[in-house]
Amino acid sequence: MTSPVLAVEAISKTFGEIQAVRGVSFEIQPGETYGLLGPNGAGKTTSINIVAGLLEPDAGSVRVLGESLTTRTIEPKRSVGLVPQELAIYPDLTARENLRFFGRLYDLAGVKLSTRIDHVLDVVGLSDRADDAAKEYSGGMKRRLNIAIGLLHEPRLLILDEPTVGVDPQSRNAILESVEELSSEGLAVLYTTHYMEEAERLCDRVGIIDDGEIKAEGDRRGLVALIGEKDRIVVETVGATDGVTELLTAMAGVSGATAVDGRFDLLVDDAASVLPAVFGSFSEHQVTVTSLQVIEPDLEAVFLHLTGKALRD
């Protein structure tokens with residue numbers, strides 16, 4: 001495994017009597033999207049502010065590309081792009097003018113700046129509206145411009161703090177597609193959200209955070225395994241099914257199988273690994289499969305198990 005782009009070690013932060021972050025640790029590799037999944041008030045934004053060097057932790061450390069990052073360091077921050085929850089744009093300027101202004105803050109100029117502006121506008125799908133004032137944009141377009149600003153200086157780590165809150169479905173999908181593309185190009189992404197479906201779609205690994213603590217961490221399959229949930233396969237068939245149920249029940253990886261009027265309901269450890277054998281059994285008995293549905297356990301069940309409450313409580 002390569003060295004992590006971001007290494008967060010046991011960071012903590014207290015505000016008065018409120019302990020907002022309690023010993024949070026995680027790492028992000030190049031090309032990996034890591035999600036902090038939790039409800040409002042869980043400690044996501046405080047953690048983000050510490051990782052971005054905007055807030056000093058009471059304890060713990062943050063390293064970007066091996067260098068210590070604090071509120072006082074300069075160089076490591078050049079490798080970080082931050083897209084905050086609150087919009088950081090000038091509404092009276094066009095998208096291109098906003099990007100040129102922020103580019104100058106990063107010491108970009110001339111052909112390089114113009115090239116980067118054209119590139120990030122294309123990434124976030126705003127090329128055709130580049131010369132319109134930002135105040136004329138929809139909420140989703142403003143958030144996409146916010147992301148373009150965070151990408152302008154070619155960071156190695158992009159931090160996105162709930163970037164889809166309050167946006168229309170079309171813009172939301174455009175944002176998610178942009179994040180998927182960036183991660184495939186090798187950018188490390190730290191993504192906070194309280195939307196379960198976003199975490200499942202985008203994130204290679206997820207840290208479930210609540211009350212300032214990481215309750216569990218891993219990919220979706222690993223997290224689901226913590227609560228012993230299994231996949232369910234529902235198969236609709238046509239033909240004589242005598243003996244098929246017993247054959248399926250005895251199959252490795254199948255915990256149970258029932259059949260009623262040609263509809264088979266299987267409980268399995270891993271649907272992808274057993275499906276070839278399941279199809280083989282139906283084919284062997286000359287049973288025609290007319291429909292197939294795989295139902296996988298989701299992160300909602302994991303979150304409920306670990307925290308005792310629904311994600312949006």
Item checked: Rounded distance [0.5 Å steps], CZ in Arg116 versus CZ in Arg100 -> 13.5 Å

Notebook entry, point to check: Given the rule that I, L, V, M, F, W and Y join up when any side-chain heavy atoms are under 4.5 Å apart, are Ile48 and Leu37 in one cluster?
Noted result: no

Check: Can you tell if the side chain of Ile159 reaches within under 4.5 Å of the side chain of Val83, non-hydrogen atoms only?
Finding: no

Next item on the list: Compare every heavy atom of Ala257 with every heavy atom of Leu266, then report the nearest pair and how far apart it is.
Entry: CG-CB, 4.1 Å

Notebook entry, point to check: What's the verdict on salt bridge (charged side-chain N to carboxylate O under 4.0 Å, His left out) for Glu217 and Arg205, showing C-alpha distance, side-chain angles and the deciding distance?
Noted result: CA-CA 7 Å; Glu217 178 188 77; Arg205 289 186 301 126; 3.5 Å; yes

Notebook entry, point to check: Among the clusters formed by ILVMFWY side chains lying less than 4.5 Å apart, do Val165 and Val179 turn up in the same one?
Noted result: no

Next item on the list: Determine the interplanar angle of the Phe282 and Phe264 rings, folded into 0 to 90°, and report it as parallel if under 30°, tilted if 30 to 60°, perpendicular if over 60°.
Entry: perpendicular

Notebook entry, point to check: Is the backbone N or O of Ala88 less than 3.5 Å from a side-chain atom of Asn146, with the two atoms forming a donor-acceptor pair by type?
Noted result: yes

Check: Can you list the other members of the hydrophobic cluster that holds Ile74, where links are side-chain heavy atoms under 4.5 angstrom apart?
Finding: none

Check: Checking Asp265 side chain against Thr258 main chain: does a donor-acceptor pair fall under 3.5 Å?
Finding: no

Note to self: Between Ser171 (side chain only) and Val167 (backbone N and O only), is there a donor and an acceptor less than 3.5 Å apart?
What the structure shows: no

Check: So with a 6.0 Å cut-off around CG of Asp261, is the heavy-atom count from everything else above 12?
Finding: no

Notebook entry, point to check: Are any non-hydrogen side-chain atoms of Asp168 and Ser138 less than 4.5 angstrom apart?
Noted result: yes

Margin query: I need the minimum non-hydrogen distance between Leu223 and Gly218, along with the two atoms involved.
Written below: CD1-O, 3.5 Å

Notebook entry, point to check: How far apart are the C-alpha atoms of Thr45 and Gln85, what are their side-chain angles, what is the distance that settles it, and do they pass the side-chain hydrogen bond (donor to acceptor under 3.5 Å, both in side chains) test?
Noted result: CA-CA 9 Å; Thr45 295; Gln85 282 190 44; 2.9 Å; yes

Next item on the list: Indicate yes or no for a side-chain donor-acceptor contact from Lys44 to the backbone of Pro39 under 3.5 Å, with no hydrogens or angles considered.
Entry: yes

Margin query: Is there a side-chain contact (heavy atoms from CB on, under 4.5 Å) between Arg143 and Val124? Walk through the geometry before answering.
Written below: CA-CA 9 Å; Arg143 288 203 172 270; Val124 300; over 6 Å; no

Next item on the list: Taking all non-hydrogen atoms of both residues into account, name the closest pair between Leu152 and Phe102 and its distance.
Entry: CD2-C, 4.1 Å

Check: Under 3.5 Å, is there a donor-acceptor pair between the side chain of Ser178 and the main chain of Val123?
Finding: yes

Margin query: Tell me if a side-chain donor or acceptor on Thr70 pairs with a main-chain N or O of Arg72 at a distance below 3.5 Å.
Written below: yes

Item checked: Of all pairs that satisfy salt bridge (Lys or Arg N to Asp or Glu O under 4.0 Å), the ones with a partner from residues 89-98, not counting sequence neighbours -> Asp92-Lys135, Arg96-Asp118, Arg96-Asp131

Margin query: Looking at His153 and Val80, would you say the former's side chain and the latter's main chain have a donor-acceptor pair under 3.5 Å?
Written below: yes

Check: Does Leu82 belong to the same Ile/Leu/Val/Met/Phe/Trp/Tyr cluster as Leu160, with side-chain heavy atoms less than 4.5 Å apart forming each link?
Finding: no

Item checked: From CA spacing to verdict: side-chain contact (heavy atoms from CB on, under 4.5 Å), Asn40, His194 -> CA-CA 7 Å; Asn40 293 328; His194 61 268; 3.6 Å; yes

Check: Which heavy-atom pair separates Pro155 from Gly150 by the least distance, and what is that distance?
Finding: CG-O, 3.4 Å

Note to self: Suppose clustering is done on Ile, Leu, Val, Met, Phe, Trp and Tyr with side-chain heavy atoms closer than 4.5 Å. Which residues sit in the same group as Val260?
What the structure shows: none

Checklist line | Same cluster (ILVMFWY, side-chain, under 4.5 Å), Val21 and Val62 | finding: yes

Margin query: Do Pro84 and Asp161 make a side-chain contact, defined as non-hydrogen atoms from C-beta onward lying under 4.5 Å apart?
Written below: no

Next item on the list: Find out whether Thr164 and Glu198 are in side-chain contact, i.e. whether some heavy atom of one side chain is under 4.5 Å from a heavy atom of the other.
Entry: yes

Notebook entry, point to check: So which pairs with a foot in residues 279-290 pass side-chain hydrogen bond (donor to acceptor under 3.5 Å, both in side chains), sequence neighbours left out?
Noted result: none

Notebook entry, point to check: Is the closest side-chain heavy-atom distance between Leu275 and Val294 below 4.5 Å?
Noted result: yes

Next item on the list: Compute the centroid of each ring, for Tyr34 and then for Tyr191, and state whether the two points are separated by less than 6.0 Å.
Entry: no

Expected list for residues 233-254: side-chain donor-acceptor pairs under 3.5 angstrom, two or more places apart:
{"from": "Glu236", "atom 1": "OE2", "to": "Arg263", "atom 2": "NH1", "distance (Å)": "3.3"}
{"from": "Thr237", "atom 1": "OG1", "to": "Gly262", "atom 2": "O", "distance (Å)": "2.8"}
{"from": "Thr249", "atom 1": "OG1", "to": "Thr245", "atom 2": "O", "distance (Å)": "2.8"}

Note to self: How long is the straight-line distance from CG of Leu99 back to CZ of Arg104, given to the nearest 0.5 Å?
What the structure shows: 13.0 Å

Next item on the list: Would you indicate whether the side-chain heavy atoms of Leu6 and Phe26 approach each other to under 4.5 Å?
Entry: yes

Checklist line | Exam field: side chain Arg144 to backbone Ile175, donor-acceptor pair closer than 3.5 Å | finding: no

Next item on the list: Could you tell me whether Arg221 and Asp231 make a salt bridge, using a distance below 4.0 angstrom between a side-chain N and a carboxylate O?
Entry: yes

Notebook entry, point to check: Hey, what do you get for CD (Glu200) to CG (Leu299), rounding to the nearest 0.5 Å?
Noted result: 4.0 Å

Check: Which residue, Thr193, Ile214, Val206, forms the side-chain contact (heavy atoms from CB on, under 4.5 Å) with Leu36?
Finding: Ile214

Next item on the list: To the nearest 0.5 Å, tell me how far Ser61 OG sits from Ile50 CD1.
Entry: 11.0 Å

Check: What is the distance from atom CD of Glu56 to atom CG of Asn49, rounded to the nearest 0.5 Å?
Finding: 12.5 Å

Next item on the list: Just grab all the salt bridge (Lys or Arg N to Asp or Glu O under 4.0 Å) pairs involving residues 57-71, residues at least two apart or on different chains.
Entry: Lys13-Asp58

Note to self: On the six-membered ring of Tyr195, is Arg172 placed so that its NZ or CZ lies under 6.0 angstrom from the centre and within 45° of the ring axis?
What the structure shows: yes

Margin query: Checking the side chain of Arg22 only, and the main-chain atoms of Asp211 only, is there a donor and an acceptor separated by less than 3.5 Å?
Written below: yes

Notebook entry, point to check: With the 4.5 Å side-chain cut-off for hydrophobic clustering, are Ile89 and Ile147 part of the same group?
Noted result: yes

Notebook entry, point to check: Charged N to carboxylate O below 4.0 Å: is that the case for Glu75 and Lys77?
Noted result: no

Item checked: SB check Asp269 Lys230 (cutoff 4.0 Å) -> yes

Next item on the list: Give a yes or no answer on whether the side chain of Asn98 reaches the backbone of Tyr90 with a donor-acceptor pair at less than 3.5 Å.
Entry: yes

Notebook entry, point to check: Where do Ser183 and Thr33 land on the side-chain contact (heavy atoms from CB on, under 4.5 Å) test, with the steps shown first?
Noted result: CA-CA 6 Å; Ser183 139; Thr33 297; 3.3 Å; yes

Checklist line | Within-4.5 Å side-chain heavy-atom neighbours: Val268 and Asp270 | finding: no

Check: Under 4.5 Å between any side-chain heavy atoms of Val64 and Ser79, yes or no?
Finding: yes

Notebook entry, point to check: Could you give the distance from CD (Glu177) to CG (Leu182), rounded to the nearest 0.5 Å?
Noted result: 12.0 Å

